[in-house]
Amino acid sequence: MALLSCKEQYTTYSDAEYVMFADSLSTNMVEKSNSRFTVPIASTVARDYDRTFGVEVVDAGSNAVEGKHYRIISNTVTIPAGKTAANVEVEGIYDNIGATDSLGFRLRLVMNSALKWDLYKDSDMTKVVMYKSCPYDRNNFTGYAVLSSLLLRDYPGENSSYQKVVYTEAHPTEPDMIIIRDAFYNGYDVTLTFDGADPAEPRITMDSDQVLSDEASVFGQILGDNHILGDDSPIYTSYFNSCQRFAVLWLHVYVEKLGEPIGTVGHFYNILEWISDEEAERLKREGF
């Protein structure tokens with residue numbers, strides 16, 4: 001017969017000290033007005049004294065060049081007494097990062113090997129990725145653009161291609177709105193509104209019930225009020241990129257009758273890529 005002790009058993013953990021980067025990947029936006037960012041480190045315990053560790057760049061796996069694309073503000077990092085975290089400070093060199101660059105470098109903590117937690121492979125290292133974020137300016141989204149549209153692919157109407165050159169201009173009274181002339185189908189303009197308040201999440205919205213075309217010209221029949229309507233999709237996110245001057249619009253297309261919805265045509269991916277006047281003229285000469 002086995003006797004069970006009435007004494008309760010508890011599992012305890014040691015106060016072993018391990019120091020590591022908080023994440024194996026750190027992705028950071030570099031802005032013209034705010035080019036500095038931090039890479040966090042963490043310790044499993046707090047101590048009653050400051051702890052300072054070296055920080056070094058590992059060449060293997062790095063395509064960013066120190067001194068050209070970024071600077072490490074200090075080659076040491078200190079976890080203050082009573083704390084379990086600190087930050088490595090980095091400055092991205094905005095002017096040397098290209099609009100389409102995805103630059104990265106690896107960092108390693110220089111410390112006593114006993115502080116490395118072998119439970120997590122390479123916990124003393126992290127990959128730091130940087131990308132450029134250009135200031136929002138509505139003027140970058142005016143002029144000629146190439147529209148590539150899945151709506152035009154599925155419902156071409158008078159169009160011979162799913163791509164066309166369109167002209168965009170600033171709205172005269174709405175500061176963040178543009179007008180796309182003859183946007184999807186000739187004779188029908190649409191408006192888009194840009195929201196650049198959060199550089200990490202630049203967004204586009206499109207007012208509801210904008211008329212894209214009449215039904216007869218595109219569908220070959222009239223199902224509702226003879227208007228094909230559109231707004232930005234509530235399912236997918238529409239956004240823009242200031243550095244590369246493009247905008248992605250997920251377009252919700254629907255039909256109404258006497259103001260009541262009678263059916264959704266679909267949610268269509270569209271991309272606008274702004275081009276120079278010279279490029280637009282060349283494309284038009286080529287029958288684009």
Side-chain angles (χ1 to χ4, degrees), residues 20-42 54-75 77 85-110 120-141 143 145-150 163 192 194-204 232-233 236-250 269-276 279:
M20 69 207 79
F21 282 101
D23 292 293
S24 59
L25 176 66
S26 174
T27 302
N28 304 276
M29 179 173 61
V30 178
E31 302 176 69
K32 190 175 185 66
S33 61
N34 183 23
S35 60
R36 289 196 178 191
F37 57 89
T38 58
V39 182
I41 69 167
V55 179
E56 66 178 7
V57 176
V58 180
D59 290 337
S62 301
N63 69 338
V65 178
E66 187 175 7
K68 177 182 179 181
H69 299 120
Y70 69 95
R71 301 184 187 91
I72 308 297
I73 302 304
S74 174
N75 60 0
V77 59
N87 291 307
V88 178
E89 293 190 28
V90 181
E91 181 180 18
I93 304 176
Y94 179 88
D95 290 337
N96 292 342
I97 300 175
T100 61
D101 285 349
S102 179
L103 297 170
F105 58 94
R106 294 178 67 81
L107 290 179
R108 178 164 53 205
L109 290 172
V110 181
Y120 297 101
K121 188 177 186 302
D122 295 330
S123 63
D124 60 335
M125 298 179 65
T126 190
K127 178 68 176 286
V128 180
V129 174
M130 304 179 298
Y131 66 95
K132 190 170 191 170
S133 174
C134 299
Y136 161 65
D137 183 347
R138 181 180 63 172
N139 292 327
N140 288 329
F141 302 97
V146 174
L147 169 67
S148 303
S149 171
L150 292 188
Q163 292 183 303
L192 300 180
F194 290 75
D195 181 358
D198 184 352
E201 294 188 342
R203 295 288 184 250
I204 288 175
D232 57 292
S233 171
Y236 306 105
T237 300
S238 298
Y239 60 93
F240 65 92
N241 185 301
S242 289
C243 288
Q244 299 178 48
R245 295 185 68 211
F246 73 80
V248 169
L249 171 66
W250 276 98
Y269 178 88
N270 307 272
I271 183 167
L272 284 154
E273 300 170 278
W274 275 263
I275 58 176
S276 66
E279 178 70 3

Of the non-hydrogen atoms in [X] and [Y], which two are nearest, and what is the gap between them?
X    : Y    : value
A200 : P202 : C-CD, 3.5 Å
P135 : N140 : O-ND2, 4.4 Å
S242 : C134 : CB-O, 3.5 Å

Contacts of type side-chain contact (heavy atoms from CB on, under 4.5 Å), residue [X], not counting sequence neighbours:
X   : value
T27 : L25, V129, Y131
E91 : S35, R36, R71, I73
A99 : C243, Q244
S24 : none

Which residues pass the salt bridge (Lys or Arg N to Asp or Glu O under 4.0 Å) test with [X], sequence neighbours left out?
X    : value
E31  : none
D198 : none
R138 : none
K68  : none

Item checked: Sidechain-backbone polar pair: N28 side chain, S26 backbone, donor-acceptor under 3.5 Å -> yes
Margin query: Determine whether a donor-acceptor pair (N or O, by modelled atom type, separation under 3.5 Å) exists between the side chain of N270 and the backbone of L249.
Written below: yes
Suppose we screen for ring pair (Phe, Tyr, Trp, His ring centres under 6.0 Å). Which residues come up paired with [X], at least two apart in sequence or across chains?
X    : answer
F194 : F141, F240
Y120 : W117
W250 : Y236, Y269

Tell me, do [X] and [Y] make a side-chain contact under 4.5 Å, heavy atoms counted?
X    : Y    : answer
K32  : D95  : yes
I41  : T126 : no
H69  : I93  : no
K132 : D101 : no
L272 : W274 : yes
S238 : V248 : no
V90  : V128 : no
Y70  : M130 : yes

Roughly how far, to the nearest 0.5 Å, is [atom2] of [Y] from [atom1] of [X]?
X    : Y    : atom1 : atom2 : answer
I271 : L150 : CD1   : CG    : 10.5 Å
D23  : M20  : CG    : CE    : 11.5 Å
Y136 : N241 : OH    : CG    : 13.5 Å

Next item on the list: Kindly indicate, with the supporting measurements, whether the criterion side chain to side chain contact (heavy atoms under 4.5 Å, CB included) is fulfilled by D232 and I204.
Entry: CA-CA 8 Å; D232 57 292; I204 288 175; 6.0 Å; no
Show every donor-acceptor pair shorter than 3.5 Å between a side-chain atom in residues 55-64 and any protein atom, with sequence neighbours excluded, or say none if there are none.
unit_1, atom_1, unit_2, atom_2, d
E56, OE2, R108, NE, 2.8
E56, OE2, R108, NH2, 2.8
S62, OG, V58, O, 2.7
S62, OG, R106, N, 3.0
N63, OD1, G104, N, 2.6
N63, ND2, S102, O, 3.4

